[in-house]
Amino acid sequence: MLITELKPMEQILSLIAQDKIFLLQCHGCKEIHFPEDAVKAFAEKLIEEDMVTGLSTMEYICNPENSRLCLEYHRDSIRNADAILVFACGVGVQTIAEIFPEKRVYAGCDTFALPGFQGVTPLEYGCDRCGTCYLNLTGGICPVTACAKGLLNGQCGGSKNGKCEVDPDMDCAWERITRRLKMLGRSELMQGPALIRDFAFSNKEME
């Protein structure tokens with residue numbers, strides 16, 4: 001189980017700058033906790049400032065087949081957008097980043113763990129509910145769940161030919177992140193400060 005919380009508005013605005021944005025909101029896990037009112041107010045602000053090419057509210061963005069079908073209806077709005085801002089858990093953001101690899105995809109929320117039964121999901125992507133989502137800095141590829149060692153600051157010395165040291169059949173997450181950022185023209189993000197995971201956020205309780 002999990003909860004999502006809107007990232008600080010200043011942080012999101014610094015990322016999207018003067019971009020035209022397509023807004024995508026997930027209500028799949030709304031019954032757990034989703035900051036619907038906060039997201040609505042923020043979306044209205046972006047619309048008033050003429051930054052939005054379109055928006056969609058879906059259930060379970062993490063279902064890639066369904067997401068592809070639903071977003072086909074918005075293909076023109078997405079094509080006209082510089083980036084996609086996703087209000088969902090980390091799994092939803094990663095799913096959209098995979099569907100639209102040529103677009104900058106940003107996470108509008110942080111995801112926190114909620115004690116209780118976690119369930120089992122067959123989805124390709126994972127979310128470790130860090131409380132401080134790193135996807136905006138890593139091209140929509142999670143360094144915590146996609147890396148066998150959960151490394152936050154680049155690949156280890158054991159990766160070889162783009163493959164993971166722990167699992168030779170798995171692509172190195174940081175090789176993927178590096179390629180994605182270069183393709184998106186965001187290589188400067190790799191020169192940023194070291195990422196440090198604060199485990200206190202993972203145990204944050206709902207206010």
Side-chain angles (χ1 to χ4, degrees), residues 4 6-8 10-26 51 53 61-64 67-68 71 74-75 77-111 123-156 159-167 170-198 201:
T4 50
L6 186 68
K7 281 180 172 292
E10 297 77 11
Q11 185 182 127
I12 299 175
L13 290 172
S14 69
L15 285 169
I16 61 180
Q18 301 301 314
D19 286 346
K20 290 291 186 179
I21 304 297
F22 182 83
L23 300 179
L24 185 56
Q25 181 179 178
C26 182
M51 296 178 66
T53 64
I61 290 174
C62 54
N63 183 323
S67 291
R68 285 189 175 92
L71 292 174
H74 299 280
R75 61 183 182 277
S77 296
I78 294 173
R79 185 184 301 115
N80 293 330
D82 300 305
I84 303 172
L85 179 57
V86 184
F87 298 105
C89 75
V91 177
V93 178
Q94 292 174 78
T95 300
I96 296 303
E98 186 68 21
I99 293 175
F100 299 101
E102 77 287 355
K103 292 286 185 183
R104 296 195 298 277
V105 176
Y106 294 125
C109 296
D110 288 317
T111 307
L123 299 174
E124 181 178 352
Y125 309 105
C127 177
D128 213 35
R129 304 174 298 268
C130 301
T132 304
C133 188
Y134 304 107
L135 293 172
N136 292 339
L137 303 174
T138 55
I141 299 170
C142 179
V144 177
T145 60
C147 171
K149 299 180 181 180
L151 300 180
L152 295 182
N153 298 301
Q155 66 193 79
C156 69
S159 61
K160 183 179 295 184
N161 298 323
K163 295 296 183 180
C164 174
E165 177 183 33
V166 177
D167 182 357
M170 183 171 75
D171 289 337
C172 169
W174 278 98
E175 287 275 354
R176 293 172 55 208
I177 290 169
T178 300
R179 290 196 298 268
R180 175 69 62 82
L181 291 177
K182 286 182 178 179
M183 181 183 69
L184 295 174
R186 300 303 306 277
S187 296
E188 76 279 0
L189 293 177
M190 292 185 288
Q191 310 302 319
L195 301 178
I196 300 175
R197 184 172 179 180
D198 187 344
F201 282 110

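On a predicted model such as this, the values are computed, not experimentally measured, just so you know. Below, all heavy atoms of this structure are taken into account, side chains as well, without hydrogens, waters or symmetry copies. Along the sequence shown, residues are numbered consecutively beginning with 1.
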Nearest heavy-atom pair of [X] and [Y]: which atoms, and what distance?
| X | Y | result |
| --- | --- | --- |
| Arg180 | Ile141 | CB-CD1, 4.1 Å |
| Gln94 | Gly140 | CG-O, 3.5 Å |
| Glu188 | Gly185 | OE1-O, 3.6 Å |
| Trp174 | Asn153 | CZ2-N, 3.8 Å |
| Cys172 | Ser159 | SG-CB, 4.1 Å |
| Phe100 | Val105 | O-CG2, 4.3 Å |

Could you check whether any side-chain heavy atom of [X] comes within less than 4.5 Å of a side-chain heavy atom of [Y], counting everything from C-beta outward?
| X | Y | answer |
| --- | --- | --- |
| Leu135 | Val86 | no |
| Asn80 | Lys20 | no |
| Ile78 | Thr53 | no |
| Val144 | Tyr134 | yes |

Nearest 0.5 angstrom please: [X] [atom1] to [Y] [atom2], how far?
| X | Y | atom1 | atom2 | answer |
| --- | --- | --- | --- | --- |
| Leu71 | Ile61 | CG | CD1 | 7.5 Å |
| Cys147 | Glu175 | SG | CD | 11.5 Å |
| Glu98 | Arg68 | CD | CZ | 7.5 Å |
| Leu137 | Arg186 | CG | CZ | 9.0 Å |
| Cys62 | Ile96 | SG | CD1 | 10.0 Å |
| His74 | Ile84 | NE2 | CD1 | 11.5 Å |

For the pair Lys182 and Arg179, evaluate side-chain contact (heavy atoms from CB on, under 4.5 Å) and give the outcome as yes or no after the intermediate values. CA-CA 5 Å; Lys182 286 182 178 179; Arg179 290 196 298 268; 5.9 Å; no
Okay, side chain of Lys103, backbone of Ala81: is any donor-acceptor separation there less than 3.5 Å? yes
Please check: side-chain N/O of Thr95 versus main-chain N/O of Pro64, any donor-acceptor pairing under 3.5 Å? no
Enclosure of Asp167 CG (heavy-atom neighbours >12, cutoff 6.0 Å): yes
Assess whether side-chain contact (heavy atoms from CB on, under 4.5 Å) is satisfied between Val93 and Cys133, documenting all intermediate values. CA-CA 10 Å; Val93 178; Cys133 188; 5.8 Å; no
Test applied, side-chain contact (heavy atoms from CB on, under 4.5 Å); reference residue, Arg104; option that passes from Asp82, Asn136, Leu85: Asp82
Evaluate side-chain contact (heavy atoms from CB on, under 4.5 Å) for Cys127 paired with Thr145, printing each intermediate quantity in order. CA-CA 7 Å; Cys127 177; Thr145 60; 5.7 Å; no
Does the pair Leu181 and Thr138 meet the rule for a side-chain contact (heavy atoms from CB on, under 4.5 Å), with working shown? CA-CA 7 Å; Leu181 291 177; Thr138 55; 5.6 Å; no
